[in-house]
Peer 1: 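Once you've had a glance at the structure underneath, I'll fire off some questions.
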Amino acid sequence: MSDGTRIVLVGKQGAGKGTQAARLAACYEVPHVATGNMFRDAVRRGRELAGEVRRYLEVGELVPDDLVIRVVEQRLDEPDARDGFVLDGFPRTRPQAEALDAVIERRGGLGAVVNLDVPDGVAIQRLSGRRVCRACGTNYHVDRPPRDDWSCDACGGEVVQRDDDTAEAIARRLAAYENDTVPLLGYYEARGLLVAVDGTGTPDEVFARMVAALDRASR
Ligand code: AMP
């Protein structure tokens, strides 16, 4: 599925984007580009970007478009992303979607935009129990912890609760999703790119559903 390797995952916080994007990227052997992970990593390492993005992350507000767009453009220009990518958490606003179109127009455009859909109640239940590896961003849940206490199965990093997985920040992030990101669904649907996937159930069930839906869409 040559077109399908340029995939975007959208869905509210807690829909399972991080988990499913990582699996999809491994399956298609393309990088998993997650803006949230990139920002958290910058803050943790005290990179140049840290000062600019920290306060947005802490309260659960969107980082300004021009900054996010710059970071993603640079990332998609790296050699490993030239033949494809799975984008997770970007675009989240109309200006971001338009910037993405401009960047990849020369590469043939997007293959598909997966909309992982879960009810708010499921999202809140997942987010409040979510734990994440500080080092590589792999997601866990208190009901599905890593094998070895709280060190990551993938890299051995420390597995912790995210600062923005508090009730207040979750509410703010879900509201931002409704206001800024839901309108993007129509933008992609009008171009025949949107693939709706039911995001409820286990990670294995959702992954199987998503791959089947992408296969159908690429025929
Ligand atoms: P996530 O891990 O995708 O939930 O992102 C965590 C936080 O990073 C968000 O609450 C925002 O503050 C910021 N962020 C990530 N991606 C974007 C984006 N595309 N646009 C604006 N802010 C973003």
Peer 1: Look up atom OG1 in Thr202 and atom CZ in Phe207, then write down how far apart they are to the nearest 0.5 Å.
Peer 2: 12.0 Å

Peer 1: Can you name the side-chain hydrogen bond (donor to acceptor under 3.5 Å, both in side chains) partners of Arg23, sequence neighbours left out?
Peer 2: Asp204

Peer 1: Are side-chain heavy atoms of Leu62 and Gln96 found at a separation under 4.5 Å?
Peer 2: no

Peer 1: Does the side chain of Val113 reach to within under 4.5 Å of the side chain of Tyr187, using non-hydrogen atoms?
Peer 2: no

Peer 1: Looking at Arg94 and Pro183, would you say the former's side chain and the latter's main chain have a donor-acceptor pair under 3.5 Å?
Peer 2: no

Peer 1: Which residues pass the salt bridge (charged side-chain N to carboxylate O under 4.0 Å, His left out) test with Glu189, sequence neighbours left out?
Peer 2: none

Peer 1: Are the side chain of Arg107 and the backbone of Arg6 linked by a donor-acceptor contact shorter than 3.5 Å?
Peer 2: no

Peer 1: By salt bridge (charged side-chain N to carboxylate O under 4.0 Å, His left out), which residues pair with Arg219, not counting sequence neighbours?
Peer 2: none

Peer 1: Quick one: closest heavy-atom pair of Tyr140 and Pro145, and the distance?
Peer 2: CD2-C, 4.0 Å

Peer 1: Which heavy-atom pair separates Asn139 from Gly18 by the least distance, and what is that distance?
Peer 2: ND2-CA, 3.9 Å

Peer 1: Looking at residues at least two apart in the chain, or sitting in another chain, which of them share a side-chain hydrogen bond (donor to acceptor under 3.5 Å, both in side chains) with Lys17?
Peer 2: none

Peer 1: Taking side chain to side chain contact (heavy atoms under 4.5 Å, CB included) as the test, write out the residues that go with Ala154, two or more places apart.
Peer 2: Cys136, Thr138, Cys152

Peer 1: If you look at every heavy atom in Ser128 and Ile170, which pair is closest and at what distance?
Peer 2: N-CD1, 4.3 Å

Peer 1: Over all heavy atoms of both residues, which pair between Val206 and Thr200 is shortest? Give the atoms and the distance, please.
Peer 2: CG2-O, 3.5 Å

Peer 1: For side-chain contact (heavy atoms from CB on, under 4.5 Å), just list the numbers for Val63 and Thr35, CA-CA rounded to whole Å, side-chain angles, deciding distance to a tenth of an Å, and then say yes or no.
Peer 2: CA-CA 10 Å; Val63 171; Thr35 42; over 6 Å; no

Peer 1: Kindly compute the distance separating CG (Leu76) from CZ (Phe90), expressed to the nearest 0.5 Å.
Peer 2: 7.5 Å

Peer 1: Please check if the side chain of Gln20 supplies one atom and the backbone of Pro203 the other of a donor-acceptor pair under 3.5 Å.
Peer 2: yes

Peer 1: What distance separates Leu194 CG from Tyr188 OH, expressed to the nearest 0.5 Å?
Peer 2: 10.0 Å

Peer 1: Can you list, pair by pair, the side-chain donor-acceptor contacts under 3.5 Å of residues 114-127, counting residues two or more places apart and other chains?
Peer 2:
{"unit_1": "Asp120", "atom_1": "OD1", "unit_2": "Lys12", "atom_2": "NZ", "d": "3.0"}
{"unit_1": "Arg126", "atom_1": "NH1", "unit_2": "Gly14", "atom_2": "O", "d": "3.0"}
{"unit_1": "Arg126", "atom_1": "NH1", "unit_2": "Ala15", "atom_2": "O", "d": "3.1"}
{"unit_1": "Arg126", "atom_1": "NH1", "unit_2": "Gly199", "atom_2": "O", "d": "3.4"}
{"unit_1": "Arg126", "atom_1": "NH2", "unit_2": "Gly199", "atom_2": "O", "d": "2.7"}

Peer 1: Check whether any side-chain heavy atom of Leu174 sits under 4.5 Å from a side-chain heavy atom of Glu178, and report yes or no.
Peer 2: no

Peer 1: Between the main-chain N or O of Asp180 and the side-chain N or O of Thr93, is there a donor-acceptor pair closer than 3.5 Å?
Peer 2: no

Peer 1: Does any part of the side chain of Arg75, heavy atoms only, come nearer than 4.5 Å to the side chain of Asp80, both counted from C-beta?
Peer 2: yes

Peer 1: Report all side-chain donor-acceptor pairs from residues 159-166 shorter than 3.5 Å, counting only partners two or more places apart or in another chain.
Peer 2:
{"unit_1": "Arg162", "atom_1": "NE", "unit_2": "Asp164", "atom_2": "OD1", "d": "2.9"}
{"unit_1": "Arg162", "atom_1": "NH2", "unit_2": "Asp164", "atom_2": "OD1", "d": "3.2"}
{"unit_1": "Arg162", "atom_1": "NH2", "unit_2": "Asp164", "atom_2": "OD2", "d": "3.0"}
{"unit_1": "Asp165", "atom_1": "OD1", "unit_2": "Arg130", "atom_2": "NH2", "d": "3.2"}
{"unit_1": "Asp165", "atom_1": "OD1", "unit_2": "Arg173", "atom_2": "NH1", "d": "3.2"}
{"unit_1": "Asp165", "atom_1": "OD2", "unit_2": "Arg130", "atom_2": "NE", "d": "3.0"}
{"unit_1": "Thr166", "atom_1": "OG1", "unit_2": "Ala169", "atom_2": "N", "d": "3.3"}

Peer 1: Is there a side-chain contact between Glu105 and Asp101 (heavy atoms, below 4.5 Å)?
Peer 2: no

Peer 1: Could you work out, with side-chain hydrogen bond (donor to acceptor under 3.5 Å, both in side chains) as the rule, every residue matching Arg45, not counting sequence neighbours?
Peer 2: Asp41

Peer 1: For Arg209, check salt bridge (charged side-chain N to carboxylate O under 4.0 Å, His left out) against everything at least two apart and list the hits.
Peer 2: Asp198

Peer 1: Can you find a heavy atom in the side chain of Thr5 that is under 4.5 Å from one in the side chain of Asp83?
Peer 2: no

Peer 1: Keeping to residues at least two apart or across chains, list the salt bridge (Lys or Arg N to Asp or Glu O under 4.0 Å) pairs with something in residues 50-66.
Peer 2: none

Peer 1: Quick one: closest heavy-atom pair of Ala112 and Val195, and the distance?
Peer 2: CB-CG2, 4.2 Å

Peer 1: Mind running side-chain contact (heavy atoms from CB on, under 4.5 Å) on Met38 and Val33 for me, showing each step along the way?
Peer 2: CA-CA 8 Å; Met38 290 161 77; Val33 177; 4.0 Å; yes

Peer 1: Does Val142 sit in a hydrophobic cluster with other residues, and if so which ones, taking ILVMFWY side chains as linked at heavy-atom separations under 4.5 Å, directly or through other members?
Peer 2: none

Peer 1: Looking at Val71, Val68, Val43, which one forms a side chain to side chain contact (heavy atoms under 4.5 Å, CB included) with Val53?
Peer 2: Val43

Peer 1: Under the rule for side-chain hydrogen bond (donor to acceptor under 3.5 Å, both in side chains), what residues qualify as partners of Tyr56, not counting sequence neighbours?
Peer 2: none

Peer 1: Just by distance, do the side chain of Asp88 and the backbone of Leu9 share a donor-acceptor pair under 3.5 Å?
Peer 2: no

Peer 1: Side chains of Val72 and Val103: closer than 4.5 Å at any heavy-atom pair?
Peer 2: no

Peer 1: Check Gly157 against Ala135 and note the closest heavy-atom contact, atom names and distance.
Peer 2: CA-CB, 4.2 Å

Peer 1: How many angstroms lie between NE2 in His32 and OG1 in Thr19, if you round to the nearest 0.5 Å?
Peer 2: 9.0 Å

Peer 1: To the nearest 0.5 Å, how far apart are CG in Leu214 and CD1 in Ile7?
Peer 2: 5.0 Å

Peer 1: Is Asp143 salt-bridged to Arg131, going by a charged N under 4.0 Å from an acidic O?
Peer 2: no

Peer 1: Are Phe39 and Val8 in one and the same hydrophobic cluster, where Ile, Leu, Val, Met, Phe, Trp and Tyr link if side-chain heavy atoms are under 4.5 Å apart?
Peer 2: yes

